[in-house]
Engineer: 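First, the structure itself, so that you have it in front of you.
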Amino acid sequence: MSEYKYRPLDFETKWQGVWESNRADSAVEDSTKPKKYVLEMFPYPSGDIHMGHVRNYTIGDVVARQARMKGYSVLHPIGWDAFGLPAENAAIKSSSHPATWTHANIETQAASFKRMGFSYDWDRTVKSCDVDYYRWGQWTFLEFWKRGLVERKSSPVNWCPSCTTVLANEQVLSDGVCWRCKSAVIKRELEQWYYRITEYAQELLDDLDKLPGWPDRVKTMQANWIGRSEGAEVVFELCDADGEPCGETITVFTTRPDTLFGCTFFLLAPEHPRVREFVAGTQHEATVMSVVDRAARETAVERQQGDREKSGAFTGRFVINPVNGEKVPVWVSDYVLMEYGTGAVMAVPSGDQRDFEFARKYGLEIPPVVLAEDDPLFAELSGVSERVRTEVPWEAAFAGDGVMVQSGEFTGLSTGKGGEGVRAVTEWLVARGKGQAAINFRLRDWLISRQRYWGNPIPAIHCPACGVVPVPAEELPVVLPMNVDVTAGETLADHPEFYQTTCPSCSGPARRETDTMDTFTCSSWYYLRYCDARDEAAIWERDKADYWMPVDQYIGGIEHAILHLLYSRFFTKVFRDMGLVGFDEPFTNLLTQGMVKKDGEIMSKSKGNVVAPEGVIEQYGADTLRAYILFMAPPDKDLEWSYEGVEGMYRWLGRVWRFVCDAVDEAREHGDAPPGTEAPGKALHREMHRVIGKVTFDIERFQFNTAIAGLMELTNAAYEYRNVVAPGMRDTALQRAVAVRLVSLLAPFTPHMAEELWCEVLAETGSVHGAPWPTFDPAAAAADEVELAVQVNGKVRGRVVVPADASTQDVQEAALVAVAEWIKDAEVRKVVVVPGKIVSVVIAG
RNA sequence: GGCGGCGUAUCCGAAAGGCACAGGAGGCGGACUUAAAAUCCGCUGGCCGAAAGGCUUGUGGGUUCGAAUCCCACCGCCGCCACCA
């Protein structure tokens, strides 16, 4: 038997050096080839790489390497998302500078990526903290400003006391905590910078339909986040302090204008600007302001608890219900959100559960206005247009579809999605100037300013005379100064030499903006910069973006389903409108990979269950780790780490290694030995072609685990052949053919081993990574004969072996013979022949 | 509460409506070896039944000649959103 031993550590770094010096993985714009842009989400340089990185980047590398072998011109870049708070925290801890920590981590990670054999075009690397990169982020900000997409406004914002900065809505998790540090977020009224992503809300929602290559759950999450609601804006006239209509109006948004006749009170959010004015100096001031103050004190965590009791207070004011002229009391309650709609709500307690609970608590009327036909009240109120009933016997509000009652001229109309009620009431309001059809989005504008040092400076200047003015484009970049000492708690606002400047408009003394941009602005366009990463004159050249974009395959974690992917889609649409790109969506296909776990939990330092990739590479080599992490689970599922699994992978690669070495040896020794026995050779040849087809197909659909299983099957078939056919009798040409195909198919998964076997053992020409992908010959993979199961009334009762090309008629006859004893003299009602699979016989009885 | 996903052997997992479990791990055994490691070769789901055979993809229905797969309901787990008017 073979003495050959698989020693990956002997050659892996050798090939990494060769590939790097050959620039083997450089991307070239070649108009004669189809292109493929394979991208993995660029890492944050938070330290050494972890298994999540290994998995993410191995998946991308397999796709990129296979695409090259299939003749594509491939762009497969890497870079670093290098601004951000962890660098500041680490700098404080180690008494250094964020840049020092960041660059050291980038070095470490880059070395690890090279050691994994990832086939990146290192000449296109970007680091978002490099001025050559972030200057274009500033340029983008100015361009967005020109287009009216930058806004500076004061509003209640999310403030993380621990990170001492504001957060975008998307960065507050559903339990009201900071996405990064998990501290409770509080609301603060602050003037901040916004990108007006809401301008694109409708298109961001609609274009999800243009993304068949995205997982449904990501699209659903985005659609939920954008949160489109159709309804109407309804104008209520305000009454003055004496209760008389005063001509002023307050508008609400509602999805249920058809329930307007059931509106018995009106609600304002505690933050609503009119609240203070309504109650100032009145008997209601104390109770109302206690509600307002309490809401202001509460964190998002407390206020968002769904099961908490609603509280509120009457303001003493009234509004006029436009459909029936009734005077409706105005209350303040903490369950009304200032951020959504208009911050004012028409309350219909019979049709909305929250309003129902509020009405019960404060003894407000609950007249039914929509009834299901099986409701006990239906007989009494059907067709009744005047309000005769002001209470319901229900335990909860009825929000379902039904028929309108006690609703004046609209009584009798059907409600709900397909009903006439909504449209009829809306049209009535429009005709009288008291409302209009409206659409509301849950999506808020993107708050991009951060009160932190380690980020991209916002290129704006505050002038006492001219107001806020943009930094002129020719004065870019606004360079982030390096002399800021974060260990002393400094930010840009502590450095007059940075912020003292002159106004570009009036030349008077002015103050430079000291906020930096959210790091998500940096990651919203990096994939475009890779197309032309070294361009100093422009963010990129249009023809280069046209060649490479959109990204054909994007791979990353599900945690970016909303944040990064939504922001990038927004940027792309703006770039399109600027004429910088010619497409609507940046990422054609998206793969969200699962997490790597240990003992059922996410690997983390605090849990002490981290398996460091470096240790595994030192022991088994990078190829083993790559193949292992692809084999253990489908890429989108979570993966449970297992050292036994790594061992098993290492054993199999050794098995492949020995087969290839032995095949070459035997060809040398018995070069012209005639094939001895024919059947085993035929079987192996057929298996080889079957596996070529399987692996090709499986990589296409990202089933790397089954692709590798297929390669194991081919390996097993090769060993089976050698087990059955004696040395000297073996078809050495066939063995070599199998070895060559096996090595080619392995190349994307285990690039070093494949290269070593290709160049040193098989002595083929060139690099295996430049060799063509093996062609699949369906005819060669097809068997001469097939065995079919024969079912009688759904149960397998026999088997027939028939020629692969047998006619349906012949198969049917053979099948009926095979199960004759199960049929006996029963009537055969039906026979279904599924070629190559099964014969199904249906008999009577 | 809303939306989405998942549930297959001891474990990780295959199965594009067609014989349920490919591949790996683990376990058992054999060959080689003084021995071990390494390697190579076998065997390896459960329940009922004497056997033939039957039952078994979370549970219960349905569609179909045929369902792990499609539909409905329920149970369990996971994820996202959530006082969004």
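In what follows, chains are A, B, ... by sequence order, proteins preceding strands, each numbered from 1.
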Engineer: Both A:Met221 and A:Gly341 contact RNA chain B. Which one's nearest nucleotide lies toward the 5' end?
Structural biologist: A:Met221
Engineer: Would you mind building the protein contact string for nucleotides 3-15 of chain B? One character per nucleotide, 5' to 3', B for base within reach (heavy atoms under 4.0 Å), S for sugar-phosphate only, - for untouched.
Structural biologist: SS-------SSSS
Engineer: Distance check, C1' atoms only: B:C43 and B:A37, in whole angstrom units.
Structural biologist: 23 Å
Engineer: Identify the pairs formed between an N or O of the protein and an N or O of nucleotides 61-66 of chain B at a distance under 3.5 Å, and give each distance.
Structural biologist:
unit_1: B:C65; atom_1: OP1; unit_2: A:Lys830; atom_2: NZ; d: 3.3
unit_1: B:C65; atom_1: O2; unit_2: A:Ser840; atom_2: OG; d: 2.6

Engineer: Between A:Arg655 and B:C40, is there a side-chain N or O to OP1/OP2 distance below 4.0 Å?
Structural biologist: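 Yes, within the criterion.
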Engineer: Searching all strands shown, indicate the nucleotide that pairs with B:G1 (Watson-Crick or G-U wobble; both distances under 3.5 Å).
Structural biologist: B:C81
Engineer: Expressed in whole Å, how much space separates the C1' atoms belonging to B:U69 and B:G62?
Structural biologist: 15 Å
Engineer: Rounded to the nearest Å, what distance is computed from the CH2 atom of residue A:Trp652 to the C1' atom of nucleotide B:U39?
Structural biologist: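 Between C1' of B:U39 and CH2 of A:Trp652: 18 Å.
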Engineer: Taking all non-hydrogen atoms of both residues into account, name the closest pair between A:Leu260 and A:Met346 and its distance.
Structural biologist: CD1-SD, 3.2 Å
Engineer: For B:G42, which nucleotide is its Watson-Crick or G-U wobble mate, given both distances must be under 3.5 Å?
Structural biologist: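 Here B:G42 is engaged in a pair, and the nucleotide opposite it is B:C28.
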Engineer: Please report the distance separating the P of B:A14 from the corresponding atom of B:G2, rounded so that it comes out in whole Å.
Structural biologist: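 The same atom, P, in both gives a distance of 31 Å.
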Engineer: Does a salt bridge link A:Glu713 with A:Arg690, judged by any charged N lying under 4.0 Å from a carboxylate O?
Structural biologist: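 So A:Glu713 pairs with A:Arg690 through a salt bridge.
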Engineer: Measure the spacing between CZ of A:Arg444 and CD1 of A:Ile197 and express it to the nearest 0.5 Å.
Structural biologist: 11.5 Å
Engineer: CH2 of A:Trp179 versus C1' of B:C80: gap in Å, rounded?
Structural biologist: 17 Å
Engineer: Heavy atoms, side chains only, cut-off 4.5 Å: are A:Asn321 and A:Phe261 in contact?
Structural biologist: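 With C-beta onward as the side chain, the pair stays apart.
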Engineer: Keeping the roles fixed (side chain from A:Lys310, backbone from A:Glu357), state whether a donor-acceptor pair exists under 3.5 Å.
Structural biologist: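 Between the backbone of A:Glu357 and the side chain of A:Lys310 there is no qualifying donor-acceptor contact (under 3.5 Å).
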Engineer: Quantified in whole Å, what is the P atom distance between nucleotide B:U34 and nucleotide B:A52?
Structural biologist: 45 Å
Engineer: Using the P atom as the point on both nucleotides, what is the distance between B:C70 and B:A22, in whole Å?
Structural biologist: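 Each nucleotide's P atom is 22 Å from the other's.
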Engineer: Under 4.0 Å, heavy atoms only, any strand: does A:Arg651 hit a base, just the sugar-phosphate, or nothing?
Structural biologist: sugar-phosphate
Engineer: Counting Watson-Crick and G-U wobble pairs only, both distances under 3.5 Å, name the nucleotide matched with B:A51, or none.
Structural biologist: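 Across all strands, not a single nucleotide pairs with B:A51.
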Engineer: If you look at every strand shown and take non-hydrogen atoms under 4.0 Å, does A:Asn723 touch a base, only sugar-phosphate, or nothing?
Structural biologist: sugar-phosphate
Engineer: So, is A:Arg256 close to the B:C84 phosphate, meaning a side-chain N or O under 4.0 Å from OP1 or OP2?
Structural biologist: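 For A:Arg256, the contact criterion (side-chain N or O under 4.0 Å from OP1 or OP2 of B:C84) is not met.
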Engineer: Could you label the plane-to-plane angle of the A:Tyr6 and A:Tyr650 rings as parallel, tilted or perpendicular, counting under 30° as parallel and over 60° as perpendicular?
Structural biologist: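 A:Tyr6 vs A:Tyr650 ring planes: tilted.
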Engineer: CH2 of A:Trp225 versus C1' of B:G79: gap in Å, rounded?
Structural biologist: 15 Å
Engineer: Can you see if the side chain of A:Lys795 gets near the phosphate of B:C55 - specifically, an N or O under 4.0 Å from OP1 or OP2?
Structural biologist: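 Result: yes.
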Engineer: State which residue, out of A:Phe358, A:Phe356, A:Tyr340, fulfils the ring-ring contact (aromatic ring centres under 6.0 Å, His included) condition with A:Tyr335.
Structural biologist: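 Going through A:Phe358, A:Phe356, A:Tyr340 one by one, the ring-ring contact (aromatic ring centres under 6.0 Å, His included) with A:Tyr335 is satisfied by A:Phe358 alone.
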Engineer: Count the heavy atoms of every other residue, nucleotide or ligand shown that sit under 6.0 Å from NZ of A:Lys361, and state whether that count exceeds 12.
Structural biologist: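 Counting other residues, nucleotides and ligands, NZ of A:Lys361 exceeds 12 neighbours.
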Engineer: Taking the six-membered ring for Trp, are the ring centroids of A:Phe520 and A:Trp179 within less than 6.0 Å of each other?
Structural biologist: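 Aromatic pair counts; centres sit under 6.0 Å.
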Engineer: Taking pairing as Watson-Crick or G-U wobble with both contacts under 3.5 Å, can you name the mate of B:C19, or confirm there isn't one?
Structural biologist: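 In the structure as shown, B:C19 has no Watson-Crick or wobble partner.
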Engineer: Measure the OG1-CG distance between A:Thr715 and A:Leu742 for me, rounded to the nearest 0.5 Å.
Structural biologist: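 Here the rounded value is 5.0 Å.
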Engineer: With both distances under 3.5 Å as the test, what is the Watson-Crick or G-U wobble partner of B:G60?
Structural biologist: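 Looking at the geometry, B:G60 pairs with B:C72.
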Engineer: In this structure, how many angstroms lie between the P atom of B:C83 and the CG atom of A:Asp352, rounded?
Structural biologist: 13 Å
Engineer: Going by atom types only, do A:Asn224 and A:Arg442 share a side-chain donor-acceptor pair under 3.5 Å?
Structural biologist: no
Engineer: Whole angstroms only, please: what is the CD-C1' distance between A:Glu700 and B:A16?
Structural biologist: 13 Å
Engineer: Atom CZ of A:Phe659 to atom P of B:C40: distance rounded to whole Å?
Structural biologist: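 Between P of B:C40 and CZ of A:Phe659: 13 Å.
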Engineer: P atom, B:A51 versus B:G26: distance in rounded Å?
Structural biologist: 33 Å
Engineer: Look for any protein N or O under 3.5 Å of an N or O in nucleotides 45-49 of chain B and output each such pair with its distance, or none.
Structural biologist:
none

Engineer: Could you measure between the two C1' atoms, the one in B:G45 and the one in B:C41, and give it in whole Å?
Structural biologist: 23 Å
Engineer: Pick the closest RNA chain B nucleotide for A:Asn716 and for A:Gly227 by heavy atoms, then say which residue is nearer the 5' end.
Structural biologist: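 Going by which nucleotide is closer to the 5' end, it is A:Asn716.
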Engineer: Any side-chain donor paired with an acceptor under 3.5 Å for A:Ser229 and A:Asn440?
Structural biologist: no
Engineer: Starting from P on B:G24, measure out to OH on A:Tyr650 and report it in whole angstrom.
Structural biologist: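 Roughly 18 Å, once rounded to whole Å.
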Engineer: Nearest to the A:Thr255 side chain among B:G23, B:A25, B:A85, which nucleotide is it?
Structural biologist: B:A85
Engineer: Salt bridge check: are A:Arg256 and A:Asp352 linked by an N-O gap of less than 4.0 Å?
Structural biologist: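 No, this pair does not count.
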Engineer: May I ask you to verify if any side-chain N or O of A:Tyr719 is less than 4.0 angstrom from the OP1 or OP2 atom of B:C40?
Structural biologist: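 True: A:Tyr719 side-chain N/O within range (under 4.0 Å) of B:C40 OP1/OP2.
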Engineer: Quick check for you: among B:C19, B:C84, B:G18, whose closest atom lies nearest to any side-chain atom of A:Lys837?
Structural biologist: B:G18
Engineer: Which part of the nucleic acid, if any, lies within reach of A:Arg797 when heavy atoms closer than 4.0 Å are counted: base, sugar-phosphate only, or nothing?
Structural biologist: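 Touches sugar-phosphate only.
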Engineer: Within the side chain of A:Arg799, is there an N or O that forms a donor-acceptor pair under 3.5 Å with the backbone of A:Glu787?
Structural biologist: no
Engineer: Would you call A:Asp698-A:Lys694 a salt bridge at under 4.0 Å N-O?
Structural biologist: yes
Engineer: Does a side-chain N or O of A:Arg354 approach OP1 or OP2 of B:C84 to a distance below 4.0 Å, or not?
Structural biologist: yes
Engineer: Considering only atom C1', compute the distance from B:U8 to B:G58 and round it to an integer number of Å.
Structural biologist: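 Taking atom C1' in both B:U8 and B:G58, they lie 10 Å apart.
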Engineer: In this structure, how many angstroms lie between the C1' atom of B:C40 and the CZ atom of A:Arg658, rounded?
Structural biologist: 9 Å
